[in-house]
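Here is the structure we will look at, set down as structure tokens.
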Amino acid sequence: METIVKCENVCKKIGKKEILKNVSFEINSGDILAFIGPNGAGKTTTIKLMLGLQKINKGHISINGYDIKKNFVKAISKVGAIVENPDTYMYLSGYENLKMAQSLYGIHDEAELQAIIKKIGLEKRIKDKVSKYSLGMRQRLGIGLALVNHPNLLILDEPTNGLDPEGIRDLRNLLKELAKEGMAIFVSSHNLAELESFCNKVVIIQNGVIIDSAKTKDLKHNISEAGSVYTITIDSNKKLSKKYELLDEDKVIIKGNKEDVSKAVSDLVGLGKKIYLITEQELSLEEAFLKKTGGNKID
Amino acid sequence: MIRLISAELKKVFKKKAIYIMLIIVLGFGILTNLIYKYADKFSFGETNRYQSKAERDDLAKYSKTLNLKRQEELDEYIYDQTEIYFYDFCLENEEWRCTFLTEEYYSLVYDYMESTYNPKTELNKETTKAALDKVIKELTENDVFGIYRIKKASIQTELNELLASKDIVTNKKEKEMIESQIIERKNEILKYDLLLEHKITQEKKDASRYSQVISYIMAKTSNETLDTYDKLSDDQKCEYRLNKEAISLNKYNIDHNLDDSQPTVAANLKYFFGDFSFFIVLFVIIISGGIMADEYHKGTIKQLLIKPFTRSQILTSKLLTILLLIPTFALMVFTIYFVLTCLFTGFTGVFDAIPVYDYIKDEIVVYNVFNYNFMMFVSRVPYFVIVSLISFAVSTITSSTALSIVMPLALVFFSNIINMAIDSFQFKWLRWFVTYIWNLEKYIFVRNYDGVLNSLGFNIIFIIIYILAITILPYIFFNRKDIKNV
């Protein structure tokens, strides 16, 4: 697995305000990394620093082994991105936008262009002026523009913005497919329900500081102070002693490790209870996020 | 870099603004051609004013009410009778005879009326009448060339008398006056020689050629009666130089029978840059102002900045695009106007000469429509470039399309006033100011000038300084700029 992006102790100040403080993370090839945080946390600023749109005050960002400050052209050459909005030339058609972007990379491959158009699902409207596109169509075009140079790093800021459920599904499938091919994907979004369906890594940022960085499944584990949380479904939890944490009429909550689960099962069987199901509790990404950030709502 | 420039050009030519501008140019070109073609039909006040019988009768009726015993009213009566005489003559004769009488012999008619109606006058009525009758006979019995010969003979007689008296007179001032009159008479004779040689009548069709002769003679006489050049005041030197240009150009036109009042391709396109320079400047400003500011407004600057190009390369590509568009648009506008003019004039005079007076060589240099306008364009290149760079710099630094258009336009609008102020108030220390040095027309054509001229080298040095200074600023700014919310 190759490290595509290395972000080391990056700091950014605007005036006296510290926007980012010692932000560090890595993205490897094949990763789909979700970069999440409350409003004003520094997500878009981080993206802009990665893309050279703003100056880094301290720290380093390297892409494909090239420092973004010292060797910008080489660092950015295999990067595709959407930043804040899909920026397109409204007076040109979708096709002209894609063609121009392709030619800027020195690529003149009509077949490839058509393949991208097919991937983003704009075959029927590609010759229309972008000013006539809906937001969702512009978003699709933006994704297409990010793919023209066969990037090995894709940075997407709110990519599902404006997409209908079909569009979101298509995007999800596309990103999974690209990740399988070895592309590293960095996604910043508020749509956590969508993110958790395809992201394998999560980085949470709050007030310019990374507060957690983990694999998605690890983050979603419902970790209590005692350990993981398990639910044992039995026939009835009536008349059980108060040492057990009960839920509904048929569930027992065990906080601890697998050994604790095994002991509890033995005890319950000894008490004559029937064991129907044992599950490890998993939080949704949103719940995990809220737990980490201490917030009541995301947006 | 070529990929970037190619993309910029595609973007420019996909915008509606350029085509709207060209349509406006087309409309303006049609209007200009119409004016040049039909100007003489709309010219007022050129026909002889003694054409209305109603006016003649009103004047006669009014003059009968005057009290001839009062001197003021008597003077007015004499004047009115002179005017009535002209009305009567003009209503019965061709316009050119009328013009001749009223312009050449006004005093003769007035003297006759004075001798007839003013009892206190010293003029003899028979003498004045005889002189007037003689002139009327000459005017009515001869064609225009006959009249020229008569006039020439009369002036020759006056010249002979003056030459004779010059030797007798000893008073210096009187002698100078006689010499001045001799010069005037000699040039009058030359005037009639030219009119006869080139068969120029007094009719409307020859009006332009006639005025060339008059302008030539007037300028020649003026210069020959002035003192030596070094002894002249600055104003007189200016007048002298302007006269030299008038002498050479008019003589050239006369010798080559060039009637510049006729709408030909060459005659119309001589004024191309005078008429259309503003459109070229406006186009350049609009494109230069929008090429950066629009990208900021629409957010597409982010797309450009995340491509594998340095910021300097991106900026340079936009700059080079602007520089390429200046001659491109000038050529487009020229072509539109050229085609329109050819259609309106029936392709008349496409290869006619455009004479220009070269002050340094003191000779006429002849251009054709194409190389003349090419040289005019070249002389304005610093002007176009500097204006576009100012627009581009403001656009890059402020991201404001409005400011990037208004600021250079203001400089263009006020440039003439600024330059006049520098010349009028002799602000020598301001002769490096941008509006004073950006138009090199006077150097390219080495034409006359009515102010103090910097040397060409001086102007070029300052042009380079301005270009460098205005160009460096956006580079410094753009390379340091953080892209925030766009």
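A, B, ... follow the sequence lines: proteins, then strands. Residue 1 opens every chain.
Within 6.0 Å of OH on A/Tyr95 lie more than 12 heavy atoms contributed by other residues, nucleotides or ligands. Counting non-hydrogen atoms of neighbouring residues, nucleotides and ligands closer than 6.0 angstrom, the NZ atom of B/Lys15 exceeds 12 such neighbours. The environment of A/Lys74 atom NZ is sparse: at most 12 non-hydrogen atoms of other residues, nucleotides or ligands sit within 6.0 angstrom. Annotation: B/Tyr19, atom OH; neighbour count of heavy atoms from other residues, nucleotides and ligands within 6.0 Å is above 12. The local environment of CE in A/Met183 is crowded, with over 12 non-hydrogen atoms from other residues, nucleotides or ligands closer than 6.0 Å. In this structure, A/Tyr66 places its OH atom where only 12 or fewer heavy-atom neighbours from other residues, nucleotides or ligands lie under 6.0 Å away. Within a 6.0 Å sphere centred on NZ of A/Lys58, other residues, nucleotides and ligands contribute 12 heavy atoms or fewer. Counting non-hydrogen atoms of other residues, nucleotides and ligands closer than 6.0 Å to NZ of A/Lys21 gives a total above 12.
Here the CG atom belonging to B/Leu4 is positioned 9.0 Å from the OG atom belonging to A/Ser103, to the nearest 0.5 angstrom. The structure places CG of A/Leu104 at 6.0 Å from NZ of B/Lys307, a figure rounded to the nearest 0.5 Å. Atoms CD1 and CD1, from A/Ile47 and B/Ile306 in turn, are 10.5 Å apart once rounded to the nearest 0.5 Å. Taking OH of A/Tyr91 as the start and NZ of B/Lys298 as the end, the distance is 7.0 Å to the nearest 0.5 Å.
The minimum heavy-atom distance between B/Lys302 and A/Asn85, with the atom names listed, is NZ-N, 4.3 Å. Listed here is the closest heavy atom pair of A/Leu53 and B/Arg311: O-NH2, 3.4 Å. A/Phe72 approaches B/Leu305 most closely through the heavy-atom pair CZ-O, 3.1 Å.
For a residue to count as touching a neighbouring chain, one of its non-hydrogen atoms must lie under 4.5 Å from one of that chain's; by this rule B/Ile2 does not touch chain A.
Between B/Lys11 and A/Met100 the shortest side-chain heavy-atom distance falls below 4.5 Å. Residues A/Tyr105 and B/Arg3 have side chains not in contact (no heavy-atom distance under 4.5 Å, counting atoms from C-beta outward).
Checking each of A/Asn97, A/Val83, A/Ile82, A/Asp87 against B/Gln303 for a side chain to side chain contact (heavy atoms under 4.5 Å, CB included) leaves exactly one that passes, namely A/Asp87.
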